[in-house]
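First the structure, in the form of structure tokens, and then the observations on it.
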There are 2 protein chains.
Amino acid sequence: MQKENKTPKECLEKLLPVQDALDVLKGKWKIQIISVLIYYEECGFKQLQDNVKGITPKMLSKELKELEINLMVTRQVSETRPVTVRYQITEYGKSVTPVIKALYYWGEQHRESIKASMRKERG
Amino acid sequence: MQKENKTPKECLEKLLPVQDALDVLKGKWKIQIISVLIYYEECGFKQLQDNVKGITPKMLSKELKELEINLMVTRQVSETRPVTVRYQITEYGKSVTPVIKALYYWGEQHRESIKASMRKERG
DNA sequence: CAGAATCCGGTCAGATACTG
DNA sequence: CAGTATCTGACCGGATTCTG
């Protein structure tokens, strides 16, 4: 990200998109929801709630709204009886996969590093 | 991340490292601090505060502690008068660069997508 | 210089209950 | 089924002041 011919200020400006990405992905549930939707392609509310362990309907609803605003998922209502709602991952939503992978590989390494340093501290 | 021969449960277990990575990077300041330290290799407290615009000493101190725990930075105190403290990015800290890059590229795309969809909504 | 201490408002997120 | 409403405690993060 940094090149010697850039000022710190220029580098910091580059961080705006990074913060945007982090905003979209932040929180306890978003990546889980995205992953479930990538897995199933399409889900109802209940099915999502069952697959994202521990999430309350309130949080699920809130997170889905944010994901919809960010074009990650679509929401389709069928006026049946009772109404059925389908959440779908968008192609765009799938495009975060490389980001999740980068987080995964680094996170995995990180776990090992932390474990190793804890062993060292104990002697 | 998902393969057809994996259950949703197995996929969700894979998400633990992702959450770990997100935890290390989360908050308003961590990536900025890391970026400044990658740029300078080494900084004093004041120098950091000057380069991370708007951060208070309290937050800077707190974030640095967390980054130290996660082995991203080291803290070296010289018993001079007055004491000088140097924060250094670790090699390990530099290893998040691919993650930041992934976040950057996706975040940049994301800005464009959101902008485009807002233009569309306005007509 | 390099922080710690204190105070405070805002948001996050969980539990529970309720609606059409 | 697909959510909403309300209450609550925990935590985040800023402002200000103080210390060695």
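These figures come from a predicted structure and were not determined experimentally.
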Which listed nucleotide (D:dG3, C:dG3, C:dA13) is nearest to the side chain of B:V85? C:dG3
Nearest to side-chain heavy atoms of A:P82, which nucleotide of D:dG3, D:dC1, C:dG14: D:dC1
Does the pair A:K115/A:E112 count as a salt bridge with the N-to-O cut at 4.0 Å? yes
Any ion pair linking A:E63 and A:K30 (charged N to carboxylate O, less than 4.0 Å)? yes
Looking for any heavy atom pair under 4.0 Å, which part of the strands does A:G54 touch: base, sugar-phosphate only, or nothing? nothing
Just how far, in rounded Å, is C1' of C:dG14 from NZ of A:K53? 17 Å
Rounded to whole Å, the CZ-C1' distance (A:F45 to D:dT4) equals 10 Å
OP1 or OP2 of [N] versus the side-chain N and O atoms of [X]: is any pair under 4.0 Å?
X	N	result
A:K28	C:dG14	yes
B:S61	C:dA4	yes
B:R81	C:dA2	no
A:K58	C:dA13	no
A:Y87	D:dG3	yes
A:K65	D:dT4	yes

Gap between atom CD1 of B:I55 and atom CG of B:L48 - 0.5 Å precision: 8.5 Å
Whichever of A:T56 and A:K26 has the more 5' nearest nucleotide on DNA chain C, that residue is A:K26
Any side-chain to backbone donor/acceptor pair from B:S78 onto B:T80? Under 3.5 Å, distance only. no
